[in-house]
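Below is one structure, written out as structure tokens; comments come after it.
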Amino acid sequence: MITIENTLFSIDQICESGQCFRLRPLENGRYCLTALGRYLEIEQIDDAVTFFCSQEEFEEIWKNYFDLDTDYQSYLSFASAGGPYLCEAAAFGKGIRILRQDLWEMTISFIISQQNNIKRIRKCIHTLCERYGEKKSSPNGTAYYDFPTAAALAAASEEDLRACNLGYRSRYIRDTAHLVQNREIPWDSLHGMHYPEAKEALMKLPGVGTKVADCICLFGLHHLEAFPIDTHIRQVLERHYPDGFPYESFPGFAGILQQYIFYYDLKSKDA
DNA sequence: TCCCAGGATTCAT
DNA sequence: ATGAATCATGGG
């Protein structure tokens, strides 16, 4: 295990910000995460964050996954350019980070997210992993499931997927899996593309429109300029930025501010 | 019973 | 180029 000190890291805020659906709290106060084919437990006490893995695994995998080499204070300092509302939002969620998650997992996860709520999105993804992901065991013996591969989902029928309570999104997922599996989309090239062309390519996938493509770009390709506009963000923009959001004040990283806003709006409503 | 949830697609005008 | 209807499922 390895412990770091970081005032701008909150595993709870990251979990609750709705960007990572397979990060969840355990009974004992820790959090567990299944990602990149691995299982990880995390514990945070104030600014001290403990990763229950070897130092090598932390350095090679999780340090990058949690974007720990990035100085988020420099992003937070821009919040004032968005007025008092953005200042409040940024102060409220200053422990949030944009994780560097897997592209395929983000694609399927955010196809599922459409017209859906976060609790049920988590449940759908969990079911999908249980039924179509490879079962593994962590070093300490905890069983977990990988996120299903494109091949595994392409092999499923639409009826099988509907049995996972995915609803009308079942066909989107099946067809998307087929497109990727059959190389009908330049999948491996996506990582090398800039934001506009990556977004355009992703929108060729069934079930991927403007908003979902932006989420995939932000969380799966780490394009920080992607600014997903969902129902929450749309309402905030209408209410607090009637003359337009000052995107130009956050060149190349408006997506980070989007996450502060999303989390702030989400948490201000669940009382 | 109706409405909403990190929308996208299709079809109408 | 906009706008309404439709798409499953579960929770309030």
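The shown structure was predicted, so the numbers you read here are calculated from the model rather than taken from an experiment.
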With nearest nucleotide decided by heavy atoms, which residue, A/K123 or A/E158, maps closer to the 5′ end of DNA chain C? A/E158
Check every atom of B/dG6, C/dG10, B/dG7 against the side chain of A/Q259 and return the nucleotide holding the closest atom. B/dG6
Rounding to an integer number of Å, can you tell me how far A/D175 CG sits from B/dT9 C1'? 13 Å
Nucleotide of B/dT9, C/dA8, B/dG6 approaching A/D230 most closely (side-chain heavy atoms): B/dG6
Which is true for A/G18 with a 4.0 Å heavy-atom rule: it touches a base, it touches only sugar-phosphate, or it touches nothing? base
OP1 or OP2 of C/dA8 less than 4.0 angstrom from a side-chain nitrogen or oxygen of A/N165, does that happen here? no
Are any side-chain N or O atoms of A/R30 and backbone N or O atoms of A/E43, one a donor and one an acceptor, separated by less than 3.5 Å? no
Give the rounded distance in Å between these two atoms: CD1 of A/I173 and C1' of B/dG7. 14 Å
Taking donor-acceptor contacts at under 3.5 Å, does the side chain of A/Y168 reach the base of B/dG7? yes
Partner lookup for B/dT10, please. Criteria are Watson-Crick or G-U wobble with both distances under 3.5 angstrom; report none if nothing qualifies. C/dA4
Are OP1 or OP2 of B/dG7 and a side-chain N or O of A/T210 less than 4.0 angstrom apart? no
Between C/dG10 and B/dT9, how far apart are the two P atoms, rounded to whole Å? 23 Å
Passing option when A/C217 is tested against A/H222, A/M193, A/M106, A/H223 for side chain to side chain contact (heavy atoms under 4.5 Å, CB included): A/H223
A/F147 six-ring face occupied by A/R22 cation (under 6.0 Å, within 45°): no
Separation of the P atoms in C/dG11 and B/dA8, to the nearest angstrom: 24 Å
Closest to the A/R120 side chain, choosing from B/dG6, B/dG7, C/dT9: C/dT9
Across the strands shown, which category fits A/S17 at heavy-atom distances under 4.0 angstrom: base, sugar-phosphate, nothing? base
A/I118 atom CD1 is separated from B/dG7 atom P, nearest whole Å, by 10 Å
Expressed in angstrom and rounded to an integer, what is the separation of A/R234 atom CZ from B/dA8 atom P? 10 Å
Would you kindly give the CZ-to-P distance between A/R122 and B/dG6, to the nearest whole Å? 11 Å
Has A/F262 got its ring stacked on B/dG6, by the test of a centre gap below 5.5 Å and a plane angle below 30°? yes
Do A/F110 and A/F21 have ring centres separated by under 6.0 Å? yes
Is there side-chain contact between A/L221 and A/Y195, with heavy atoms separated by less than 4.5 Å? no
Does atom CZ of A/R122 have more than 12 heavy-atom neighbours from other groups under 6.0 Å away? yes
Quick one: is A/R169 getting a side-chain N or O under 4.0 Å of the B/dA8 phosphate, OP1 or OP2? no
Toward the 5' end of DNA chain B, which comes first, A/I121 or A/M203, by nearest nucleotide? A/I121
Taking atom types as they are modelled, is there a donor-acceptor pair under 3.5 Å from the base of B/dA8 to the side chain of A/Q114? no
Could you state the CZ-P distance from A/F219 to B/dG6, rounded to the nearest angstrom? 13 Å
Report the distance from atom NZ of A/K269 to atom C1' of B/dC4, rounded to the nearest whole Å. 11 Å
When the distance from CG of A/L166 to P of B/dG7 is rounded to whole Å, what number comes out? 16 Å
Under 4.0 angstrom, heavy atoms only, what part of the nucleic acid is A/L205 near: base, sugar-phosphate, or nothing? sugar-phosphate
With rounding to the closest Å, how many angstrom separate the P atoms on C/dT6 and B/dG6? 24 Å
